[in-house]
Amino acid sequence: MPRIEIPTVTEENALANIVASIALEEAALAHIINAEGEKIQRVVGTFVPEGETEPLPIGGTPADAEDMQAINTTVGDMMETISNIEASLHNKLRTVLAVLVVPPAA
């Protein structure tokens, strides 16, 4: 039977790792939110790529109301998902902070 070595982890290390994982998830969500914003900019024709002076064409034709509604729906769905993830991360952080022993300020 194979043996898996698990290093000893202190409570302090475990809590630090959890906080670090929350920070990484927050950074990932920020990137997703930015991408959703760029998606909206692209559809409304205001997205100007770095180094360019003109907005990108959207498939050679401007977006119509149907395109705008479709993007609005998908971005709204993504933001709702992100909001749910944020609530979960908030609860995770509250749990970690409740366990942490913070020395009193001097």
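Note: hydrogens, waters and symmetry copies are ignored here, and every other heavy atom, side chains too, is used.
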Requested in this report: Give the intermediate values and the outcome of side chain to side chain contact (heavy atoms under 4.5 Å, CB included) for residues M79 and I33.
Outcome: CA-CA 8 Å; M79 295 308 294; I33 291 169; 4.1 Å; yes

Query raised in the report: Can you list the steps and then say if I71 with R42 is a side chain to side chain contact (heavy atoms under 4.5 Å, CB included)?
Result: CA-CA 10 Å; I71 291 299; R42 196 177 288 265; over 6 Å; no

Requested in this report: Could you go through the side chain to side chain contact (heavy atoms under 4.5 Å, CB included) check for E26 and I22 one step at a time?
Outcome: CA-CA 6 Å; E26 291 288 357; I22 292 169; 4.3 Å; yes

Report task. Please assess E36 against I40 for the test side chain to side chain contact (heavy atoms under 4.5 Å, CB included), listing each intermediate value before the final yes or no. Result -> CA-CA 6 Å; E36 293 300 305; I40 291 169; 5.6 Å; no

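The distance from atom CG of L93 to atom CD1 of I18, rounded to the nearest 0.5 Å, is 10.5 Å. In this structure, CG in L24 is found 11.0 Å from CG in L29, a value given to the nearest 0.5 Å.
Checked against side-chain hydrogen bond (donor to acceptor under 3.5 Å, both in side chains), N17 has no partners two or more places apart in sequence or in another chain.
For residues 74-99, the salt bridge (Lys or Arg N to Asp or Glu O under 4.0 Å) pairs, not counting sequence neighbours, are E25-K92.
Taking the side chain as every heavy atom from C-beta outward, M68 and N72 never approach each other to under 4.5 Å.
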